[in-house]
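Before any comments, here is the structure.
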Amino acid sequence: MAIGTREPAPLRAGEAALVRVVDVHKSFGALPILKGVSLEVARGEVVVLVGPSGSGKTTLVRCINRLETIDQGRIYVDGELIGYRERGGRLIAEGERQVARHREHIGMVFQRFNLFPHLTALENVMIGPLRVQRRPEKEIRPEAAALLAKVGLSDKLGSYPSQLSGGQQQRVAIARALAMKPAVMLFDEPTSALDPETVDEVLEVMRALAQGGMTMIVVTHEMRFAREVADRVIMMDQGMIVEMAPAQEFFSAPKSERTRSFLASIL
Amino acid sequence: MLQIGGINFDLDFFLRYLLSPPRAIWEGLWVTIEVSILSQLAGVALGLVVGLARLSKITVIRLGAALYSWAWRGTPVLVQLLIVYTGVAAAGIYRYPDLVIGPFTIPGALQAALITLALNEAAYMGEIFRAAIQAIDRGQTDAARAIGMRPWGALRWVILPQAARIILPPLGNEFTLMIKGTSLLSVIGVRELFGTVQNINSATFRTFELFLIAAIWYLALTTVLSIGQRFIEIRLSRHERTAATVPANRSLLSRRV
């Protein structure tokens, strides 16, 4: 039984990137949030997004699984145009059924965990396979238990979120996303809402996931994690990518002045 | 016969009718229970529709639901009852013939009663559903959508189970009002508890005794209801108990039971 490892999807011809973001624009009302962002993430790659608050990192990640609509551009995951279909060069928003199908294999972990408070840890992990994929309960129960064991919570299967610490809740949330066997995992500031002492247990789980070959896009302020785990680090500012470089290079020799001042301010 | 000063209270009659009620009172009590439960159930179901309509992205649906709520909540049930039964019949729109379904016959007045109470209740439950759904954190919907749930799936498996906990106290309140409100049905000739008691009164003239008995029965019904509600509330808030407080809650429970 393969836990948390995606079933290898066949690579399409000329389709090297698992996630491809092409010239994405997005505004909230009159306020532009993303101003033409392009980005490619290879299969198995870990990309960390950094930047000041309001730079559009979270919005970009939310656009990738279409929790936010986009105004212009294209986002492909595994070769599929997410949330839209294209007709005569124009984007037409997909219906809920199709969008939901796209999201199924894009795992997402939120800053505030967003666990379902009325369900136990095990039920939180089971609900996706049970209600979305409609797989039989006796098949998914051991899988869900194994996932919780993998994130170090085999003794908390029956606990409700309110009975767990922040770090434990976030690990359940990671297991919940993995239960859908995602092709890519999105992390939106997964440790920002945590007590300092529980940050590391979550980062450890993410590190193990990265080492297992999971494709990950991570918005975080944890620079040590970025330096040690990321393949590439991307700096965003004012809705644009200002620097994109391999992790070592990003920290040791940042090219843009904006990146240098940002790193100086947080390190 | 109890005679203190000018007070005329037939204790024998009171106790006899209270402790061994005649068949008519049992039947009236049953109608009251039946009408309350059916109207409340229909009101909850329709109320969910009204509540969702109030939250619709489509303006016409939202306004329609708001209008419905405004009209039904802003007029007295007694007036609604008389419009739906007497008024509609007088206008020749529908004359409420007895409805025969298998072995059951539903008299016209009872049909009008069920319709009115259900539609009235839907307006109130709609507001309760709307408020409860709005009270659920947006992040819950995000999380449900992120694992691939469609809007209905998220509503069914994530939002409504959490809203249920919020809805329960006002729902209990509504049900209490519903039970008491059925006493109005005597004006259109439904033989529920109070109508029955009034009938007995016109034959016996033991007004004070009989109306007290009716009040005691209503009190009994609403008391049973609030005890039931308490149990469901404890059950639905299982997840709110943190590990540390579970033992304390248990002892609290065992004291109560």
Side-chain angles (χ1 to χ4, degrees), chain A residues 61-62 64-68 83 95-121 123-134 156 158-165 168 172-173 176-182 185-186 188 193, chain B residues 48 52-53 55-58 61 129 132-169 171 231-250 252-253:
Chain A
V61 164
R62 288 173 62 89
I64 292 176
N65 73 349
R66 230 277 208 147
L67 285 179
E68 303 290 348
E96 294 286 355
R97 175 186 293 261
Q98 189 61 21
V99 173
R101 206 180 61 74
H102 285 157
R103 284 196 194 108
E104 230 183 281
H105 298 290
I106 305 175
M108 175 119 181
V109 175
F110 299 89
Q111 181 177 350
R112 286 173 52 242
F113 333 132
N114 297 348
L115 286 184
F116 305 130
H118 59 301
L119 303 178
T120 63
E123 288 165 344
N124 263 279
V125 178
M126 284 172 50
I127 191 168
L130 193 64
R131 302 301 177 197
V132 177
Q133 296 174 336
R134 306 208 175 156
K156 299 288 183 191
S159 301
Y160 287 97
S162 64
Q163 300 165 343
L164 299 173
S165 73
Q168 290 170 333
V172 174
R176 175 177 67 182
L178 291 175
M180 300 301 287
K181 299 192 167 71
M185 286 282 285
L186 310 174
D188 179 17
Chain B
L48 178 57
L52 291 175
L55 295 168
S56 171
K57 282 183 214 148
I58 302 160
I61 293 179
F129 272 112
I133 291 171
Q134 278 180 325
I136 309 293
D137 188 272
R138 281 254 352 134
Q140 292 292 308
T141 311
D142 279 351
R145 295 202 296 170
I147 55 171
M149 283 190 184
R150 286 188 243 152
W152 285 109
L155 187 72
R156 167 67 184 85
W157 302 112
V158 174
I159 306 301
L160 285 183
Q162 294 180 57
R165 174 69 190 87
I166 302 173
I167 285 166
L168 205 65
L171 174 61
F231 272 101
I232 299 171
E233 266 175 41
I234 291 170
R235 165 111 179 94
L236 281 187
S237 57
R238 262 176 323 177
H239 64 273
E240 283 163 18
R241 277 177 271 159
T242 60
T245 62
V246 166
N249 266 295
R250 285 230 177 90
L252 208 70
L253 235 178

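In what follows, chains are A, B, ... by sequence order, proteins preceding strands, each numbered from 1.
- Looking at B/Met149 and A/Ile127, their side chains come closer than 4.5 Å, going by heavy atoms from C-beta outward.
- Note that CD of B/Gln140 is 9.0 Å distant from CZ of A/Arg112, once rounded to the nearest 0.5 Å.
- If you measure heavy-atom distances from A/Leu186 to chain B, you find no contacts under 4.5 Å at all.
- In this structure, B/Asp142 and A/Leu67 approach most closely via the heavy-atom pair O-CD2, 4.0 Å.
- Note on A/Arg97, A/His105, A/Arg66: by heavy-atom pairs under 4.5 Å with chain B, the leading option is A/Arg97.
- Side-chain atoms of A/Asn114 come within 3.5 Å of backbone atoms of B/Gly139 as a donor-acceptor pair (strictly under, hydrogens ignored).
- With a 4.5 Å cut-off on non-hydrogen atoms, B/Ala164 does not touch chain A at all.
- Interface remark: of the candidates A/Leu115, A/Val99, A/Leu164, A/Leu115 forms the most heavy-atom pairs closer than 4.5 Å to chain B.
- The two residues B/Ile147 and A/Met180 have their closest heavy-atom pair at O-CE, 3.2 Å.
- Proximity to chain B (any heavy atom under 4.5 Å) is shown, for A/Phe116, by both the backbone and the side chain.
- Heavy-atom distances place no part of A/Arg101 under 4.5 Å from chain B, backbone and side chain included.
- When A/His102, A/Glu104, A/Gln133, A/Glu96 are compared by the number of non-hydrogen pairs under 4.5 Å with chain B, A/Glu96 comes out ahead.
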Under 3.5 Å, side-chain donor or acceptor atoms of residues 152-161 of chain B against the rest of the protein: list the pairs with distances, not counting sequence neighbours.
none

